[in-house]
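Right, one structure below, let's go through it.
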Amino acid sequence: MKSYFLPNGEKLLSIKIQSTDGNIDLPITIKNTEYFSKIEQILYQKITKYTETENFFLVNGERINRFLTLEQNKIKNNDILTLVRNVI
């Protein structure tokens with residue numbers, strides 16, 4: 001088993017992305033200091049059809065700002081993020 005040491009204040013978060021249309025159920029492990037845009041990048045690399053839609057994300061009913069970190073967006077361990085998809 002590997003051990004990882006994170007700099008002070010950094011934590012690994014386990015989150016899940018689900019879509020309102022039921023097509024996405026994607027677990028991701030990421031640092032709390034990463035920008036939310038990194039999660040979008042991971043998602044769109046795995047499921048490319050969502051790059052053709054205008055999407056936004058919610059956590060606990062609040063809209064996520066892609067230009068803020070997970071911590072700044074108040075995303076916590078085991079949170080479920082909801083992808084809301086609009087066809088362009």
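Aromatic ring pairs are classed by plane angle as parallel below 30°, tilted from 30° to 60° and perpendicular above 60°; the pair Y44 and F57 is tilted.
Put simply, OG1 on T33 and NZ on K11 are 10.5 Å apart, with the number rounded to the nearest 0.5 Å. With rounding to the nearest 0.5 angstrom, the NZ atom of K16 is 12.5 Å from the CG atom of D79. Atom-to-atom distance recorded for I64:CD1 and L68:CG is 10.5 Å, nearest 0.5 angstrom.
Side-chain contact between I28 and I42 is present, with at least one heavy-atom pair separated by less than 4.5 Å.
In this structure, N77 contributes its side chain and L13 its backbone to no donor-acceptor pair below 3.5 Å. Side-chain N or O atoms of N73 include one that pairs as donor or acceptor with a backbone N or O of N65 at under 3.5 Å. Formation of a donor-acceptor pair under 3.5 Å by the N32 side chain with backbone atoms of E71 is not found in this model.
Across all non-hydrogen atoms, the minimal contact from T53 to R85 is CG2-NE, 3.2 Å. Closest heavy-atom contact between I17 and I24: O-CG2, 3.4 Å. Of all heavy-atom pairs spanning K46 and L26, the tightest one is CD-CD1, 3.8 Å. Among all heavy-atom pairs drawn from K76 and I15, the shortest one is O-CG2, 3.9 Å. Pairing each heavy atom of K49 with each of N23, the nearest pair is NZ-ND2, 3.8 Å.
A salt bridge links R66 and E40; the closest N-O separation between the charged side-chain nitrogens and carboxylate oxygens is under 4.0 Å.
In the displayed structure, E62 atom CD is contacted under 6.0 Å by at most 12 heavy atoms of other residues, nucleotides or ligands. Shown here is Y50, whose OH atom has more than 12 heavy atoms of other residues, nucleotides or ligands within 6.0 Å.
Criterion: ILVMFWY side-chain heavy atoms under 4.5 Å apart, direct or through other members. Under it, I30 and Y35 are not part of a common hydrophobic cluster.
Among the candidates L83, N55, V84, L43, the single residue satisfying the side-chain contact (heavy atoms from CB on, under 4.5 Å) test with S19 is L83.
Using modelled atom types and a 3.5 Å distance limit, the side chains of T82 and Q18 yield no donor-acceptor pair.
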